[in-house]
Amino acid sequence: MRCAVLGSPIAHSLSPAMHRAAYGVLGLDWSYGAFDVQEGELTEFVSEHRDGWRGYSVTAPLKREAAALAARRDAVVEALGVANTLVAIDGGWAASNTDVPGAANALREVGVGSLTSVRIVGAGATAASVALSCSRLGAREVELRVRDTARAAATASVIESLGLAVSVVPLHVDVLESVDLLVSTVPGDALAGREHAFIGSAAAVFDVVYDPWPTGLMRSAQAEGLPLATGLDLLAHQAVLQVDLMTGRTVEPGVLVTAAMEALASR
């Protein structure tokens, strides 16, 4: 049985290392590859790669297309309109979003079990997914920090539809109010030189970026002794759920984190 991760660019993905490690632990003679698929090409790709294929992990910029092409969608996909998992079913594909429960599980693992306020840097599909994860942990207020406030309007609208109060603030504005959790969904250099200001106003940190590793934000959080969930934690927890959806078997997140760390170290 074959599976793969799809997206563009895709060469940096750690999904092959993690899923192959899972197959090894589970004793499954499955393969897991990576394909560079451009925006707008997903529907054609999965229709041409159906026989012998069990499922796909889907990353940027294909998550909305994955949700749209599916014959069946889970509740998170219906709410957000983005999917990161496609599993073959009779009549097409079932779309799931394991980023949302994966993020919540990653936060719980580092001791962040309840929230009220969250500051999210970035306003893409990942920001919306993390906002829903945080709402499941009790969050009621989300501040989006973005370079372009106009482009954040669509994501802000989605987050508001989840019952959260949303404010959109330009990234360059000084950080004044404290929050329970700071989430970064943007490349590390976006906050270069301002890590301390953002860290100083948060009780915990979730940096979903893992390349380069570690990020400046991660180092700052560690130096301050704050609870820290990383991009590898998110990748591992969401991949555990993907493995379950594709194989019907479970694996410990630590197995996948180790595999990802080894893959990063070899680069």
Side-chain angles (χ1 to χ4, degrees), residues 59-64 67 76-84 97 99-104 106-107 110 112 114-210 215-218 220-221 226-231 233-235 238:
T59 188
L62 306 175
K63 292 183 178 182
R64 294 192 185 281
V76 177
V77 176
E78 291 285 5
L80 298 180
V82 294
N84 73 332
N97 185 315
D99 283 332
V100 169
L107 286 167
V110 299
V112 181
S114 63
L115 298 165
T116 298
S117 58
V118 182
R119 176 173 290 120
I120 302 177
V121 184
T126 300
S129 292
V130 174
L132 179 51
S133 303
C134 291
S135 75
R136 292 183 170 185
L137 298 177
R140 292 293 175 264
E141 302 171 4
V142 173
E143 177 189 287
L144 294 178
R145 283 287 183 136
V146 297
R147 288 173 171 165
D148 187 339
T149 56
R151 294 182 63 182
T155 296
S157 178
V158 170
I159 295 174
E160 286 179 340
S161 73
L162 304 175
L164 295 163
V166 184
S167 58
V168 180
V169 182
L171 185 59
H172 69 269
V173 173
D174 290 341
V175 181
L176 299 176
E177 296 184 2
S178 295
V179 293
D180 296 326
L181 178 69
L182 168 67
V183 180
S184 177
T185 68
V186 298
D189 59 3
L191 294 178
R194 301 184 67 199
E195 294 94 346
H196 180 72
F198 277 87
I199 291 293
S201 65
V205 177
F206 188 7
D207 189 351
V208 305
V209 177
Y210 62 85
T215 65
L217 195 68
M218 287 173 51
S220 295
L226 296 179
L228 171 66
T230 72
D233 297 324
L234 171 58
L235 277 176
Q238 66 83 25

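Nothing fancy with the numbering, it's 1 onward along the sequence.
The CD1 atom of Ile120 sits 8.0 Å away from atom CG of Leu181, with the distance rounded to the nearest 0.5 Å. Within the model, atoms CG of Leu62 and CG of Asn84 stand 11.5 Å from one another, a figure rounded to the nearest 0.5 Å. Atom CG of Leu217 and atom CG of Asp189 lie 12.0 Å apart (nearest 0.5 Å). Asp99 CG to Leu235 CG: the interatomic distance, rounded to the nearest 0.5 Å, is 8.5 Å.
For the pair Leu171/Leu191, a side-chain contact is recorded, criterion being any heavy-atom separation below 4.5 Å from C-beta on. By the 4.5 Å heavy-atom criterion applied to side chains, Val82 and Ser129 are counted as neighbours. Between Asp207 and Val209 the shortest side-chain heavy-atom distance falls below 4.5 Å.
In this structure, Ser220 contributes its side chain and Gly216 its backbone to a donor-acceptor pair below 3.5 Å. The backbone N or O of Ser117 sits less than 3.5 Å from a side-chain atom of Asp180, completing a donor-acceptor pair. Judged by distance alone, with hydrogens and angles left aside, the side-chain atoms of Glu195 form a donor-acceptor pair with the main-chain N or O of Gly193 at under 3.5 Å.
A 6.0 Å sphere centred on CD of Glu177 holds no more than 12 heavy atoms belonging to other residues, nucleotides or ligands.
Legend: side chain to side chain donor-acceptor pair (under 3.5 Å) pairs involving residues 130-152, not counting sequence neighbours, sorted by first then second residue: Arg119-Glu143, Glu143-Arg145.
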Evaluation steps, side-chain contact (heavy atoms from CB on, under 4.5 Å), between Val121 and Leu182: CA-CA 8 Å; Val121 184; Leu182 168 67; 4.1 Å; yes
Derivation and outcome, side-chain contact (heavy atoms from CB on, under 4.5 Å), residues Leu80 and Val100: CA-CA 10 Å; Leu80 298 180; Val100 169; 3.9 Å; yes
Criterion side-chain contact (heavy atoms from CB on, under 4.5 Å) on Val110 and Phe206, from CA distance to verdict: CA-CA 10 Å; Val110 299; Phe206 188 7; over 6 Å; no
